[in-house]
A.B. asks: 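Quick one: the structure is below, and I'll ask about it shortly.
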There are 4 protein chains.
Amino acid sequence: MPRPSRWNEIVDAAAKLFQEKGYASTSLEDIAGAVGIWKGSLYHYIDSKEELLFAVVREPAAHILDQIREIATLDLPAAEKIRRVAHAHAHTLDETFVYASVYLQEIAGRHHSAEWSAMDREYLSTIVRIVEKGVADGDFAPYVDPRIATLTLIGSLNWMTHWYRPEGALPATAIAEQICTVFLQGAVRRSTS
Amino acid sequence: MPRPSRWNEIVDAAAKLFQEKGYASTSLEDIAGAVGIWKGSLYHYIDSKEELLFAVVREPAAHILDQIREIATLDLPAAEKIRRVAHAHAHTLDETFVYASVYLQEIAGRHHSAEWSAMDREYLSTIVRIVEKGVADGDFAPYVDPRIATLTLIGSLNWMTHWYRPEGALPATAIAEQICTVFLQGAVRRSTS
Amino acid sequence: MPRPSRWNEIVDAAAKLFQEKGYASTSLEDIAGAVGIWKGSLYHYIDSKEELLFAVVREPAAHILDQIREIATLDLPAAEKIRRVAHAHAHTLDETFVYASVYLQEIAGRHHSAEWSAMDREYLSTIVRIVEKGVADGDFAPYVDPRIATLTLIGSLNWMTHWYRPEGALPATAIAEQICTVFLQGAVRRSTS
Amino acid sequence: MPRPSRWNEIVDAAAKLFQEKGYASTSLEDIAGAVGIWKGSLYHYIDSKEELLFAVVREPAAHILDQIREIATLDLPAAEKIRRVAHAHAHTLDETFVYASVYLQEIAGRHHSAEWSAMDREYLSTIVRIVEKGVADGDFAPYVDPRIATLTLIGSLNWMTHWYRPEGALPATAIAEQICTVFLQGAVRRSTS
DNA sequence: AATGAATGAGCCTTCATTCAT
DNA sequence: GATGAATGAAGGCTCATTCAT
């Protein structure tokens, strides 16, 4: 029975190390060592170190974008869509924590290829449109600036990579709920609620 | 009276390059070249590359922590304190944009010395206490979890390094106002307002 | 009867690549790729990369040496022998252009095994003897130094690998004729001819 | 008293090794070892290995081209110009033997930059024009094809790198004289001379 | 203060070769 | 015969750091 190829082991090890030490500070020798092969052997699987970064990051990035795309098409009030966005985002973060962290540290905001910029842009603009509709429909307050508000929400969620731990006691769902509740209802107590 | 030297030029150049390319990918030769001296000459100013990173980052970090400390001591309602926190944070980000970005990319959430961890922890806990008091006083809604809410706010603000540009048309003040308004009042339109 | 295998394909591909990129800069993966097999599979045909170089080069080298040996035994005037040598040399170069180019680039003048040195030496000395006899018989001018003159001729012919193209308009025969005519008659116009 | 920089030592060592083992088979470690420094230290002097190749080769190539250019402008019979070309070529080969050998092995006939192709082309065409004029003036025989004859001469001279040794008993001048005499007068004895 | 040559370790990558399947 | 994963050495190159001048 043939042992399965070690591609998955390699991507996992790379993801973990990229997250811990950063892409630039992780050597291929580190990765190879974690898998238990020689660094030259990595080149059976990849053509360059950067390819490994992209391999780590592509799937979760595509996954979350898909989810947001789908939520946008549903026929729901803006607030409910935002709630679902927050939960999908937090859920993906939870399930692909290491991979997603690498994305946010190494790809987002760095000058990378058109592929990633386009992904970032679509992700943002899809949510912006939800917020815009919320304002237009009167569901959201008139003081809401759709773009800034969206970046506020995304920032809250992405910052989770700095403090959330998947194996911790606090579930991602609860966090998502808190983040979107504060985003939607505000921290200040509403007189009539 | 200390003779002015090229120390400031060096720190500025380092900050800019660290932000653009990341700490690990910036070489001392890059920095020396930006200042117009030779690589070896840098060692008249520093003892190691890491020292340069800390030099870049120390002042703005200390500055913002000071501000938050002071705000915490004021006798104001929680909502007003949060508003001031957001403005102080955004203002520091605006004024020390490159330096602060380096801090967030290279120090925050990385395993650095006790000095930085302590700073991060104090910053967070100071704001958490403001929120806690807000909840206790009934100013903030009972569903607010002080720690998560604080991290939500900080995340929103820190994410600015991914999209805010100091020289841009949108002033940091307006952004701070939007972020804390959404944080405090929520995006959803309040029936009785 | 030996089953035809891909041996010839492999040697052809190797020859072409050795000529284009040089022996040292051609990888076995390049060669395997050109044939359409995997790198490891090459080792069913060869034991080492160098063996492939020798395989490329052995046949044409042996062929031209055989021809020169035979010409030397004929009972002809020196000038006619030289003419035949030039034609044989140019003809072999034309027919085995890629292989012969590899020989001249990678074997001739390099420190290779006794086998190749002996071949080179015999080739040279066989022609030198023809010239010597030409001088001794009074067919060739007394100022002719047999060894230098022979190296002059061989150099002219071998330099063809730098500019001759088998598929070009100018046939190798015409070139051989020009080279040996200049060698024998000289470029300067003879008063009484 | 400051020790002079080791640039010359480095180029010399590189030239020697490139000639002996070929450019591709010579490692920077070989070169550094020959000079007595570490391989990383080479990068104070060069930006890439190829730059070292060009440094080895540029001066003698430019020198010989200059000489041929000058000879072409003189008011002399074609045969005398050719004689001077042969002597200049052989003399440069003699004085810069290792460098020139590297040029012929590694640059000539390889797919290099426009700079080298242009040099090769100008060198050839300058001599071709001398021969053309010789034919037109009736100094050279009508059977002389200027381009092929020129390549014949150049080939003879360049082949010297395969057998000439500067420290040997046979001086380059004598060889040049023999090569151009055979080229001009032919090996065959002239009845009326 | 500044230089610039040198260090020495380490990095990404290539590659001839081996071998179990 | 062929595969493809793995090896292990080496190659070109980078870089933080040192130090004599």
Side-chain angles (χ1 to χ4, degrees), chain A residues 1-7 9-10 23-32 35-52, chain B residues 3 5-7 10 23-32 35-52, chain C residues 3 5-7 10 23-32 35-52, chain D residues 1-7 9-10 23-32 35-52:
Chain A
M1 230 177 120
R3 183 155 42 88
S5 121
R6 300 168 97 150
W7 174 242
E9 283 176 67
I10 289 169
Y23 171 76
S25 299
T26 300
S27 76
L28 290 182
E29 197 154 14
D30 292 337
I31 297 169
V35 179
I37 60 176
W38 290 73
K39 67 177 164 173
S41 308
L42 283 176
Y43 283 82
H44 280 288
Y45 299 91
I46 54 165
D47 285 331
S48 73
K49 188 187 178 185
E50 198 171 43
E51 195 182 313
L52 201 41
Chain B
R3 182 156 40 91
S5 71
R6 304 170 94 153
W7 174 245
I10 290 169
Y23 171 75
S25 299
T26 300
S27 75
L28 289 182
E29 196 157 15
D30 292 337
I31 296 168
V35 179
I37 61 177
W38 292 77
K39 179 164 59 157
S41 309
L42 276 180
Y43 282 81
H44 289 288
Y45 299 90
I46 57 166
D47 285 332
S48 75
K49 188 186 177 187
E50 199 170 41
E51 193 184 314
L52 205 39
Chain C
R3 182 155 39 88
S5 71
R6 305 170 93 151
W7 174 245
I10 290 169
Y23 171 75
S25 299
T26 299
S27 74
L28 290 182
E29 196 157 15
D30 292 336
I31 296 168
V35 179
I37 62 177
W38 291 77
K39 178 164 60 156
S41 310
L42 275 180
Y43 283 81
H44 288 289
Y45 299 90
I46 57 166
D47 285 332
S48 76
K49 188 186 176 187
E50 200 171 39
E51 193 184 313
L52 205 39
Chain D
M1 226 177 123
R3 182 156 40 89
S5 121
R6 300 168 96 149
W7 174 242
E9 284 176 66
I10 290 169
Y23 170 75
S25 299
T26 300
S27 76
L28 291 180
E29 199 155 14
D30 293 336
I31 296 168
V35 179
I37 60 177
W38 292 72
K39 66 176 165 173
S41 308
L42 283 176
Y43 283 82
H44 279 287
Y45 299 92
I46 55 165
D47 285 332
S48 72
K49 188 187 177 188
E50 199 172 42
E51 195 182 314
L52 202 41

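Proteins get letters first, then strands, A, B, ... in listed order; numbering begins at 1 in each.
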A.B. asks: Using every non-hydrogen atom in the two residues, find where B:W38 and B:A32 come nearest and quote the distance to one decimal.
C.D. replies: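 B:W38 and B:A32 have their closest heavy atoms at C-CB, 3.8 Å.
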A.B. asks: Which comes earlier along DNA chain F counting from the 5' end, the contact point of B:H44 or that of C:H44, where each point is its nearest nucleotide?
C.D. replies: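 Comparing both residues, the 5'-ward one is C:H44.
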A.B. asks: Could you tell me the separation between the OH atom of B:Y45 and the C1' atom of F:dA16, rounded to a whole number of Å?
C.D. replies: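 Roughly 18 Å, once rounded to whole Å.
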A.B. asks: Select from D:G36 and B:I37 the residue whose nearest nucleotide in DNA chain E is closer to the 5' end of that strand.
C.D. replies: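 Closer to the 5' end of DNA chain E: B:I37.
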A.B. asks: Taking B:Y23 for the side chain and B:E50 for the main chain, is one N or O donor matched with an acceptor at less than 3.5 Å?
C.D. replies: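 Looks like yes, one N/O pair under 3.5 Å.
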A.B. asks: Rounded to whole angstroms, how far apart are CG on A:L42 and C1' on F:dA6?
C.D. replies: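 Result: 11 Å.
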A.B. asks: Is a donor on one side and an acceptor on the other found under 3.5 Å between the side chain of B:K49 and the backbone of B:T26?
C.D. replies: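 Present.
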A.B. asks: Between P on E:dT17 and CG on C:L52, what's the gap in Å once rounded to a whole number?
C.D. replies: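 Taking atom P of E:dT17 as the reference, CG of C:L52 is at 10 Å.
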A.B. asks: What are the two closest non-hydrogen atoms of D:V35 and D:E9, and how far apart are they?
C.D. replies: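 Heavy atoms of D:V35 and D:E9 come nearest at CG1-OE1, 3.8 Å.
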A.B. asks: Check the distance between E:dA2's C1' and B:W7's CH2 and give it to me in whole angstrom.
C.D. replies: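 Atom-to-atom, B:W7 to E:dA2, this comes out as 17 Å.
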A.B. asks: With a 3.5 Å limit on both atom pairs, tell me what E:dA1 is paired to, counting Watson-Crick and G-U wobble, or say none.
C.D. replies: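 Checking every strand shown, E:dA1 finds no partner, since no pair has both distances under 3.5 Å.
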A.B. asks: If pairing requires Watson-Crick or G-U wobble contacts with both distances under 3.5 Å, which nucleotide is the partner of E:dA20?
C.D. replies: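 Pairing partner: F:dT3.
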A.B. asks: Treat primed atoms plus P, OP1 and OP2 as sugar-phosphate and everything else as base, then score nucleotides 8-13 of chain E 5' to 3': B for base contact with protein heavy atoms under 4.0 Å, S for sugar-phosphate contact only, - for none.
C.D. replies: B-BSBB
A.B. asks: Please round to the nearest 0.5 Å and tell me the distance separating atom OG of C:S5 and atom CD1 of C:I10.
C.D. replies: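 C:S5 atom OG to C:I10 atom CD1 measures 7.0 Å (nearest 0.5 Å).
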A.B. asks: Apply side-chain contact (heavy atoms from CB on, under 4.5 Å) to residues B:Y45 and B:L52 and explain how you reach the verdict.
C.D. replies: CA-CA 9 Å; B:Y45 299 90; B:L52 205 39; over 6 Å; no
